[in-house]
Amino acid sequence: MNKVNVVGIKTFSYHGCLEEEAKIGNDYLVDIELITDFKESAKNDDLSKTIDYVIVNRIVEEEMAIRSKLIETVGYRILRRLKQEAFLLNNARIEIKKINPPINGNVSYVSIVVEEKC
């Protein structure tokens with residue numbers, strides 16, 4: 001199997017349980033790792049036989065734009081969309097990092113990871 005990684009997708013989104021988070025928003029980074037088999041694509045130089053990074057980026061941006069209280073919810077929405085739109089997907093790993101979360105402490109980021117066989 002092969003991997004397609006799209007790393008460091010930056011968004012400004014409005015996720016969180018606090019009302020302030022819905023108003024002020026926050027910076028996020030999303031890393032996507034997709035397990036697929038792109039041997040045929042590489043052999044024939046054919047984009048239709050692999051996972052298109054443009055589609056992956058679009059899915060992340062669209063799902064991150066929908067407000068949720070939990071980034072866990074967003075992670076599973078992204079996973080569902082990837083399964084629907086990346087037909088050659090065998091396994092997916094999504095990490096969403098919330099930069100400078102509003103918690104009492106000096107924390108660079110908090111993150112969730114969703115990983116699933118498809």
Side-chain angles (χ1 to χ4, degrees):
M1 288 293 119
N2 310 116
K3 291 182 183 179
V4 172
N5 294 327
V6 184
V7 179
I9 301 169
K10 297 176 185 176
T11 71
F12 190 84
S13 304
Y14 297 87
H15 308 301
C17 293
L18 302 175
E19 283 300 315
E20 294 81 28
E21 293 175 291
K23 294 175 185 169
I24 14 179
N26 207 341
D27 290 312
Y28 292 83
L29 288 174
V30 181
D31 297 335
I32 305 289
E33 178 181 284
L34 305 172
I35 306 296
T36 187
D37 182 355
F38 57 69
K39 284 183 226 130
E40 186 177 342
S41 173
K43 180 180 169 185
N44 297 309
D45 201 24
D46 184 356
L47 178 61
S48 71
K49 303 294 184 191
T50 189
I51 296 171
D52 188 339
Y53 323 135
V54 173
I55 293 171
V56 173
N57 188 67
R58 178 181 48 80
I59 289 169
V60 169
E61 288 180 346
E62 289 173 0
E63 294 303 327
M64 289 296 290
I66 301 168
R67 171 151 166 66
S68 293
K69 291 181 181 175
L70 302 176
I71 55 176
E72 291 88 335
T73 303
V74 183
Y76 274 100
R77 281 201 320 257
I78 292 169
L79 176 64
R80 184 178 63 244
R81 290 275 308 278
L82 288 169
K83 288 164 97 172
Q84 290 171 349
E85 297 183 40
F87 303 110
L88 304 170
L89 188 58
N90 294 320
N91 192 56
R93 181 182 186 278
I94 298 121
E95 182 173 10
I96 301 175
K97 298 173 185 170
K98 185 175 196 173
I99 309 303
N100 297 316
I103 60 177
N104 293 330
N106 187 8
V107 177
S108 296
Y109 67 86
V110 296
S111 73
I112 60 97
V113 175
V114 174
E115 187 167 1
E116 195 170 292
K117 288 189 181 253
C118 301

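Quick caveat: nothing in here was measured; it's all calculated off a predicted structure.
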Exercise for the section: Side-chain contact test, heavy atoms from C-beta onward, threshold under 4.5 Å: evaluate it for Met64 versus Val30 and give yes or no. Expected result: yes
Practice task
Give a yes or no answer on whether the side chain of Arg67 reaches the backbone of Gly16 with a donor-acceptor pair at less than 3.5 Å.
Solution key: yes
Problem - Interatomic spacing from CZ in Phe38 to CG in Asn2 - rounded to 0.5 Å - result: 4.0 Å
Exercise for the section: Considering only NZ, NE, NH1 and NH2 on the basic side and carboxylate oxygens on the acidic side, decide whether Arg93 and Glu116 come within less than 4.0 Å. Expected result: no
Completion exercise
The reported gap from CG in Leu88 to SG in Cys118 (rounded to nearest 0.5 angstrom) is 11.5 Å
Handout entry: Close side-chain approach of Met1 to Asn90, heavy-atom, < 4.5 Å
Key = yes
Handout entry: Exercise: do Ser68 and Arg77 side chains pair donor with acceptor under 3.5 Å
Key = yes
Practice task
Decide yes or no for Glu33 and Glu95: does some side-chain heavy atom of the first lie under 4.5 Å from some side-chain heavy atom of the second?
Solution key: no
Handout entry: pair Ile96-Tyr28: side-chain heavy atoms closer than 4.5 Å
Key = yes
Exercise for the section: Look at atom CG of Asp45 and say whether more than 12 heavy atoms of other residues, nucleotides or ligands are closer to it than 6.0 Å. Expected result: no
Handout entry: OG1 on Thr36 to CG on Asn91, rounded to 0.5 Å
Key = 10.5 Å
Problem - Transitive ILVMFWY side-chain link Leu34 to Leu29, under 4.5 Å - result: no
Fill in the blank from the handout: Separation between CD1 (Ile94) and CG (Leu82), nearest 0.5 Å, reads 5.5 Å
Handout entry: Flag side-chain contact, heavy atom, 4.5 Å: Leu18 against Pro102
Key = yes
Practice task
Output yes when a side-chain donor or acceptor of Asp46 lies under 3.5 Å from a complementary backbone atom of Ser48, and no otherwise.
Solution key: yes
Problem - Glu63 side, atom CD; Tyr76 side, atom OH - distance, nearest 0.5 Å - result: 15.0 Å
Handout entry: Over all atoms of both residues, closest heavy-atom pair of Ser108 and Pro101
Key = O-CD, 4.1 Å
Problem - CD/Gln84: more than 12 non-hydrogen atoms of other groups inside 6.0 Å - result: yes
Completion exercise
Residues passing the salt bridge (Lys or Arg N to Asp or Glu O under 4.0 Å) test with Lys10, sequence neighbours excluded, are none
Handout entry: For the student: nearest non-hydrogen atoms of Phe12 and Gly25, plus distance
Key = CZ-C, 3.5 Å
Handout entry: Short side-chain to backbone donor-acceptor contact, Asp37 and Lys39, under 3.5 Å
Key = yes
Under 3.5 Å, side-chain donor or acceptor atoms of residues 50-61 against the rest of the protein: list the pairs with distances, not counting sequence neighbours.
unit_1 : atom_1 : unit_2 : atom_2 : d
Asp52  : OD1    : Val54  : N      : 2.9
Asn57  : ND2    : Glu61  : OE2    : 3.3
Arg58  : NH2    : Glu85  : OE1    : 3.0

Exercise for the section: Answer whether the closest heavy-atom distance between the side chains of Asn100 and Val107 falls below 4.5 Å. Expected result: no
Exercise for the section: Determine whether Val6 and Ile78 fall in the same hydrophobic cluster, where Ile, Leu, Val, Met, Phe, Trp and Tyr are linked whenever their side-chain heavy atoms lie under 4.5 Å apart. Expected result: yes
Exercise for the section: Identify whether the distance between the nearest side-chain nitrogen and carboxylate oxygen of Asp31 and Lys97 falls below 4.0 Å. Expected result: yes
Exercise for the section: Working to the nearest 0.5 Å, report the span between CG of Asn26 and OG of Ser13. Expected result: 9.0 Å
Problem - NZ/NE/NH1/NH2 to OD/OE distance under 4.0 Å, Lys98 and Glu21 - result: yes
Problem - Shared hydrophobic cluster for Val114 and Ile32 (ILVMFWY, side-chain gaps under 4.5 Å) - result: yes
